[in-house]
Amino acid sequence: MTSTADLATDFVAMLKEGKHEEAANAYNAEDIVSHENMPGPMAVCRGREAVKQKGEWWVANHEVHEFSTEGPYLNGEQFAVHFYFDVTVKETGERRKMHEIGLYTVKGDKIVEERFFY
């Protein structure tokens, strides 16, 4: 069984290398629940496939100029990651620079919940 610290360290290392899909495939539980801090159909996504589709939508709708991660920051079965984005929203042309915190909850060897604060 992988410790939360080991899982978090490997997950964040993969994100830093740009291997977002690989990290999700390796560590997201089949029944993961993802919470975004926004209204609408993607505010809560349930299941690995729904979370994958949310990520694909995000990539398709944003031009990324810069992306970075810091962490993980551990506490028991949870860890947090600090994200920095510099993106242009393709639909509007608006450029946004934002900081976001991802809080991940681990059970067993998988991430069962992700919750984003921005």
Side-chain angles (χ1 to χ4, degrees):
M1 185 172 198
T2 304
S3 72
T4 298
D6 290 342
L7 183 154
T9 299
D10 193 44
F11 181 79
V12 172
M14 292 172 87
L15 296 180
K16 287 181 179 183
E17 293 173 9
K19 297 178 179 177
H20 300 261
E21 189 172 334
E22 294 92 334
N25 288 339
Y27 292 115
N28 284 358
E30 284 295 328
D31 60 350
I32 187 172
V33 179
S34 179
H35 300 269
E36 291 286 346
N37 184 17
M38 64 179 183
M42 287 185 271
V44 179
C45 292
R46 298 182 186 281
R48 185 188 289 181
E49 186 59 31
V51 171
K52 180 181 177 191
Q53 289 174 6
K54 178 183 71 161
E56 289 171 349
W57 173 89
W58 194 92
V59 169
N61 286 278
H62 297 86
E63 178 186 350
V64 178
H65 306 289
E66 184 180 352
F67 172 79
S68 64
T69 60
E70 293 182 29
Y73 306 98
L74 297 157
N75 186 345
E77 292 183 340
Q78 293 183 307
F79 67 96
V81 180
H82 172 255
F83 298 101
Y84 171 74
F85 301 94
D86 177 359
V87 299
T88 297
V89 180
K90 290 181 181 178
E91 183 177 44
T92 64
E94 176 190 0
R95 188 154 179 178
R96 293 183 186 166
K97 296 180 181 186
M98 61 185 276
H99 294 270
E100 178 175 307
I101 300 298
L103 178 63
Y104 298 86
T105 302
V106 176
K107 289 211 167 100
D109 293 344
K110 298 292 181 183
I111 297 169
V112 296
E113 182 183 78
E114 59 181 17
R115 193 173 287 267
F116 298 101
F117 301 81
Y118 42 91

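Judged by distance alone, with hydrogens and angles left aside, the side-chain atoms of Lys90 form a donor-acceptor pair with the main-chain N or O of Ala60 at under 3.5 Å. The closest donor-acceptor contact from the side chain of Lys110 to the backbone of Ala26 lies under 3.5 Å. Of the possible polar contacts, one joining the Arg48 side chain to the Asn28 backbone as a donor-acceptor pair under 3.5 Å is found.
To the nearest 0.5 Å, the span separating CZ on Arg46 from CD1 on Ile32 amounts to 12.0 Å. A distance of 9.5 Å separates OG1 in Thr69 from CZ in Phe11, rounded to the nearest 0.5 Å. Considering CG of Asp6 and CG of Leu74, their distance stands at 9.5 Å, rounded to 0.5 Å. Tyr118 OH to Ile101 CD1: the interatomic distance, rounded to the nearest 0.5 Å, is 13.0 Å. Between the NZ atom in Lys107 and the CD atom in Gln78 there is a gap of 9.0 Å [rounded to 0.5 Å].
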- prompt: Yes or no on side-chain contact (heavy atoms from CB on, under 4.5 Å) for Glu91 and Asn61, after CA distance, side-chain angles and deciding distance?
  reply: CA-CA 7 Å; Glu91 183 177 44; Asn61 286 278; 5.5 Å; no
query: Between Phe116 and Asn37, is a side-chain contact (heavy atoms from CB on, under 4.5 Å) present by the stated rule, with each step listed?
result: CA-CA 6 Å; Phe116 298 101; Asn37 184 17; 5.9 Å; no
message: Using side-chain contact (heavy atoms from CB on, under 4.5 Å), reason through Lys52 and Glu56 one step at a time and then give a plain yes or no.
response: CA-CA 6 Å; Lys52 180 181 177 191; Glu56 289 171 349; 3.1 Å; yes
- request: Before giving the answer on side-chain contact (heavy atoms from CB on, under 4.5 Å), spell out for His99 and Phe117 the whole-Å C-alpha distance, their side-chain angles and the decisive distance to 0.1 Å.
  value: CA-CA 9 Å; His99 294 270; Phe117 301 81; over 6 Å; no
message: Could you walk me through whether His20 and Phe67 satisfy the ring-ring contact (aromatic ring centres under 6.0 Å, His included) test, starting with their C-alpha distance in whole Å, then the side-chain angles of each, then the deciding distance to 0.1 Å, before giving a yes or no?
response: CA-CA 12 Å; His20 300 261; Phe67 172 79; 5.0 Å; yes
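In this structure, Tyr27 has its ring center no closer than 6.0 Å to that of Tyr104.
Side-chain contact check for Trp57 versus His62: some heavy-atom pair is nearer than 4.5 Å. Within the 4.5 Å cutoff, the side chain of Phe79 has heavy atoms near those of the Val81 side chain.
Taking all atoms of both residues into account, the shortest heavy-atom contact from Val12 to Gly71 is CG1-O, 3.5 Å. When all heavy atoms of Val51 and Ser34 are compared, the closest pair comes out as CG2-CB, 3.7 Å.
Under the 4.5 Å side-chain heavy-atom criterion for grouping Ile, Leu, Val, Met, Phe, Trp and Tyr, Val59 is connected to Phe83 within one hydrophobic cluster. Val87 and Met38 fall within the same hydrophobic cluster, where Ile, Leu, Val, Met, Phe, Trp and Tyr residues are linked whenever their side-chain heavy atoms come under 4.5 Å apart, directly or through other members. In this structure, Ile111 is a member of the same hydrophobic cluster as Trp58, with clusters built from ILVMFWY side-chain heavy atoms closer than 4.5 Å. Under the 4.5 Å side-chain heavy-atom criterion for ILVMFWY residues, a single connected hydrophobic cluster contains both Met98 and Val64.
Every residue two or more places apart in sequence or in another chain was checked for a salt bridge (charged side-chain N to carboxylate O under 4.0 Å, His left out) with Glu66, and none qualifies.
Under a 4.0 Å N-O distance rule, the pair Asp86/Arg95 qualifies as a salt bridge.
Using modelled atom types, one finds no donor on one side chain facing an acceptor on the other under 3.5 Å when comparing Thr4 with Glu77.
Lys19 pairs in a side chain to side chain donor-acceptor pair (under 3.5 Å) with only one of the listed residues (Glu17, Glu21, Glu22), which is Glu17.
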